[in-house]
Structure formats: C-alpha cells, structure tokens
Amino acid sequence: MDDLQVGVLGGGQLGRMFVEAAHCLNIKVSVLDAANAPAKQINALIEHVEGSFARAADVLALSQKCDILTVEIEHVDTKVLEEISEREPLKVQPSWQTIRIIQDKYRQKEHLIRNGIPTTESIPFGTASPQGLKEIADRLGYPFMLKSRTEAYDGRGNYPVRSVSEIEKAIATLKDRPLYVERWADFQMELAVMVVKTSSAASISSWETSTQSFPVAETVHEDSICKLTYTPARGVSKTVKSQAQELARKAVSAFEGRGVFGVEMFLLQDSSLLINEIAPRPHNSGHYTIEACHMSQYEAHLRAILPNLSNTIIPGATSLLTPNTNAIMLNVLGGPTPTSHLVVARAALTIPGAKIHLYGKAEGRPGRKMGHITLIAPTMQEAQEKIQPLINIVDAIRI
Ligand code: ATP
Ligand code: MG
Ligand code: MG
C-alpha cells in the first residue's frame with residue numbers, strides 16, 4: 001500500500017492496535033520498546049529496536065530504520081526528535097514541538113489558553129511547600145486537583161485534595177515531581193473526541209479543512225482511570241455534541257503535525273465545555289472505533305502520518321458510527337492476583353457481540369490496563385444490558 005516504513009516510539013497496547021491496523025494495509029511498523037512489548041509480540045517479521053523511547057540513542061536507532069516516526073506515548077525524548085526533524089523536517093508526526101508541549105500538562109494548558117481554547121484553571125506550584133499550597137487552595141476552594149506536570153498517565157500523577165488536612169499527604173505522595181494545581185471541574189459528564197489531522201496546519205485559520213472528528217464518546221473514570229466509554233454519549237443534545245466536536249478540532253488545530261489526537265473534555269453543569277487534556281496519539285477513549293466506526297483511530301493515525309495516504313481520509317470518513325451502532329468499551333484492569341483480569345475476559349466469551357482485546361502483558365497488577373472489551377448493539381439499552389454482568393465482575397475484583 002505504501003513502501004514507507006513507520007517507526008513507533010512505544011510498544012504498549014496502543015502500539016499493538018496500531019500494528020494491527022497497519023497489517024491490514026501491508027504497512028511495516030518497527031517498534032521501539034523493551035523486548036516482548038505487546039506491539040512486538042504480534043509483529044515478528046520486522047526488525048524492532050530494543051530499548052527506551054526516553055533514550056536518544058535508541059530513538060536514533062529506530063529513526064535509521066524508518067521513513068516516518070510517530071508515538072504511542074508522549075513521554076518520549078523530544079530533544080532527539082527535534083534533532084531528527086532538523087535534518088528531515090516532516091519525519092516526526094505529530095511534530096516534536098507538539099509532543100514537547102503536551103508532555104508537560106501545565107505547558108499544554110498555557111498553550112491552549114494562548115490559543116483561546118477554554119481549559120481548567122491551572123496554577124504552577126514549584127516550591128512544594130504545604131503553606132504555598134494552602135494559599136492557592138484558599139483562592140480556589142476545595143476540592144482541587146494536585147497534578148504532576150510530567151510523566152502522568154492513568155491517573156498516576158493526580159491527587160484530589162478534598163480538605164486542608166489532605167495537603168501534606170498530597171505533597172508527600174507526589175513529591176519529587178514537578179507539580180501544578182487545577183481548579184476542580186464540577187462536571188456533569190466527561191466527553192472525549194478523537195480528531196484526525198491530515199495536514200500540517202500551522203495556522204489556526206486552516207483548521208476547518210485539515211481536521212476531522214470522530215463521534216462524541218462519554219467517558220467514565222474511577223480513581224482518575226478510565227473505566228467505561230459510551231458512544232454516542234448518552235443523553236447529550238445534538239448541539240452540545242457538535243460543540244464538543246468543534247472544540248476538539250479547534251484545540252487540535254493549535255498543535256503542529258499530522259495524526260490522531262485524543263481530546264478529553266469536561267461537560268460542566270451549565271452545559272459549557274472545558275478541555276481537560278489532549279493526547280498527541282490514539283487514546284483509550286477511542287478504542288471503540290475499531291468495532292464501531294468505518295475507520296478506526298489506529299487506521300486514521302496511520303493514514304494521516306503517511307504522506308502518500310494522508311489525503312485519502314476524505315471528509316466524513318471518520319464522523320460516522322457504522323449504522324445502528326451503539327458502543328460500550330469496558331477497560332479490563334489488573335486485580336488482586338496476576339490473572340484476575342482473565343475472569344472478565346472469560347465471561348465476555350459467553351456474550352454475543354462482546355469483542356475481547358487482551359494486550360499480552362505478562363502479569364496483572366491492580367490498576368494496570370490488561371485489556372478491554374467492546375460491546376456493540378443496535379440500541380444503547382441492549383448494549384448496557386449485555387455488558388452489565390461484565391461490569392459487575394470488574395467491580396467485584398477491584399481492590
Ligand atoms: P490519561 O490516562 O487520560 O492520560 P491522566 O493520568 O493524564 O489520564 P487526567 O486526564 O488529568 O489524568 O485526569 C484523569 C481523570 O481525573 C479525569 O478524566 C477526571 O475524571 C479526573 N480529573 C482530572 N482533573 C480534574 C479536575 N480538574 N477536576 C475534576 N476531576 C478531574
Ligand atoms: Mg493524560
Ligand atoms: Mg486523561
């Protein structure tokens with residue numbers, strides 16, 4: 001389909017599903033991660049690189065093998081990506097600047113605000129002194145969220161502070177990390193929209209023609225970790241859905257480079273929308289697209305980053321669910337024993353319409369993403385009834 005070889009920094013579950021999409025198009029993907037990483041297990045014909053996406057030498061080794069570089073995680077060495085881009089300007093997609101801004105959540109917020117995108121009020125908190133935090137809290141009120149600026153994922157990096165008595169514990173828990181404070185978002189619901197950017201739109205004026213959004217998903221988090229997504233979002237008006245898609249596209253247009261972006265949002269009590277955060281890559285809240293959309297987020301990412309295929313994502317290609325499709329995605333996390341999560345997967349085998357994705361990770365640990373299940377049905381009610389037994393098991397093994 002395209003002779004260019006793609007390199008991906010990171011070989012976890014997102015990289016694995018990216019490789020699955022690439023196989024369907026006969027496109028070769030080399031993976032940089034530890035030996036036997038999930039994405040390498042299903043991709044044995046290609047030579048991979050063993051190492052870390054946070055190490056310059058390893059990224060260079062991947063770069064030497066590949067025509068295009070992309071990421072499945074934002075916590076990568078962007079200095080070396082910058083150097084590579086100086087020599088080969090369009091090789092890294094999305095651009096190293098985008099990844100660098102997004103990997104620091106506070107910088108990401110500043111960037112959004114500079115571009116006129118509404119986002120949660122955020123205050124840098126460099127000194128890590130309880131007194132300093134109390135002063136910020138006096139201004140914002142309780143609860144508020146103390147967050148790590150960097151290396152954050154799956155809620156590891158978030159501490160919800162509910163009263164003054166929790167301040168010291170919050171600082172002790174996140175100590176040694178660069179921190180900032182976020183005003184609490186009193187949301188009625190969380191929404192997520194995947195956006196695909198098919199050209200390198202450097203100016204905000206060109207976003208209308210270069211970005212397309214997928215349908216609006218409702219996301220449900222527990223302890224800052226995504227548990228479920230419902231698509232289309234339940235009980236959300238057409239107007240709010242199109243506002244969410246428009247906001248997502250506008251936000252993504254503020255960043256350079258091509259590819260898929262995951263945009264997480266809060267729908268507040270007054271029906272206004274605030275951006276929570278943006279991922280410069282496919283995202284957990286877009287897993288449902290594999291079964292429920294004409295084009296999955298992984299295929300869209302692949303096509304968008306490849307120069308010869310980028311213009312094949314025609315308007316409308318990503319906006320639709322396949323007809324009569326309601327999708328629920330349930331994350332399967334590790335539980336109290338290394339194999340607890342398999343109880344959920346086995347139960348899913350008995351439910352017609354449930355599609356199981358296991359990621360090939362060795363041992364389950366509490367909170368570790370081991371797999372997910374997508375259930376599609378002609379009505380949301382039917383999907384909810386069918387998946388409920390699995391949610392019950394997930395709740396039972398949660399510790
Ligand atoms: P991801 O795995 O999506 O990258 P993350 O670790 O970067 O997650 P966030 O997206 O910042 O974490 O937060 C995770 C969840 O915590 C949110 O989806 C939301 O449920 C809750 N949360 C985060 N920030 C706030 C806030 N300011 N107010 C209320 N809830 C919040
Ligand atoms: Mg995040
Ligand atoms: Mg998030």
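Every number for a ligand or one of its atoms is a count from 1 in the order of the listing. We're numbering straight along the sequence, starting at 1.
In summary, the atoms of ligand 1 found under 4.0 Å from a heavy atom of Glu277, numbered by their order in the structure, are 1 (P), 3 (O), 4 (O), 5 (P), 7 (O), 8 (O), 9 (P), 10 (O), 12 (O). Taking every heavy atom of His283 and a limit of under 4.0 angstrom, the matching atoms of ligand 1 come to 3 (O). Heavy-atom contacts of Lys105 reach the following atoms of ligand 1: 5 (P), 7 (O), 9 (P), 11 (O), 12 (O) (cutoff under 4.0 Å). Atom numbering of ligand 1 starts at 1 in the shown order; those under 4.0 Å from a heavy atom of Phe187 are 29 (C), 30 (N). For ligand 1, the atoms lying closer than 4.0 Å to a non-hydrogen atom of Glu264 are 3 (O), 10 (O).
Residue contacts with ligand 1, taken as heavy atom pairs separated by less than 4.0 Å, involve Asn276 solely via side-chain atoms from C-beta onward.
Nearest to atom 13 (O) of ligand 1 among the protein's heavy atoms is Asn158 ND2, 3.0 Å. Here the heavy atom of the protein found nearest to atom 23 (C) of ligand 1 is Lys147 NZ, 3.4 Å. With respect to atom 28 (N) of ligand 1, the closest heavy atom belonging to the protein is Ala185 N, 2.8 Å. If you check which protein heavy atom lies closest to atom 25 (C) of ligand 1, you get Phe266 CZ, 3.6 Å. Nearest to atom 16 (O) of ligand 1 among the protein's heavy atoms is Ser224 OG, 3.0 Å.
Residues Thr350 and Ala347 share a closest heavy-atom pair of OG1-O, 2.7 Å.
Here the side chain of His75 pairs a donor or acceptor atom with the backbone of Ala152 at under 3.5 angstrom. With Gln103 contributing its side chain and Glu74 its backbone, the two residues share a donor-acceptor pair below 3.5 Å. For the pair Arg177 (side chain) and Glu151 (backbone), a donor-acceptor distance under 3.5 Å is present.
Residue-to-ligand polar distances place Arg183 within reach of ligand 1: an N/O pair is separated by less than 3.5 Å.
Only one option out of Glu291, Glu20, His287 pairs with His357 in a side chain to side chain donor-acceptor pair (under 3.5 Å); it is Glu291. For the pairing with Tyr359, the side chain to side chain donor-acceptor pair (under 3.5 Å) check across His372, Arg16, His341, Gln41 returns one residue only, His372.
Every heavy atom of Gly157 sits 4.0 Å or more from the atoms of ligand 1.
Looking at Met145, Glu74, Lys369, it is Met145 that brings a heavy atom closest to atom 22 (N) of ligand 1. Considering only non-hydrogen atoms, atom 19 (C) of ligand 1 lies nearest to Glu190 out of Glu190, Glu222, His221. The closest non-hydrogen atom to atom 2 (O) of ligand 1, taken over Asp154, Thr120, Ile73, comes from Asp154. Which of Cys226, Gly262, Gly155, Pro160 comes nearest to atom 6 (O) of ligand 1 through a heavy atom is settled by distance: it is Gly155.
No donor-acceptor contact under 3.5 angstrom links the side chains of Ser85 and Lys91, judged on distance only. With no hydrogens or angles considered, a side-chain donor-acceptor pair links Lys369 and Asn284 at under 3.5 Å.
Residue Glu277 approaches the Mg ion (ligand 3) most closely through its N/O/S atom OE2. Looking at Glu264 and the Mg ion (ligand 3) together, the shortest N, O or S contact belongs to OE1.
Shown here is Lys134, whose NZ atom has more than 12 heavy atoms of other residues, nucleotides or ligands within 6.0 Å. The 12-atom threshold is not exceeded at CD of Glu47, counting heavy atoms of other residues, nucleotides or ligands nearer than 6.0 Å.
Salt bridge annotation for Arg281-Glu72: absent, with no cationic side-chain nitrogen under 4.0 angstrom from a carboxylate oxygen.
Between Phe266 and Phe187, the angle of the ring planes stays under 30°, which puts this pair in the parallel group of the 30/60° scheme.
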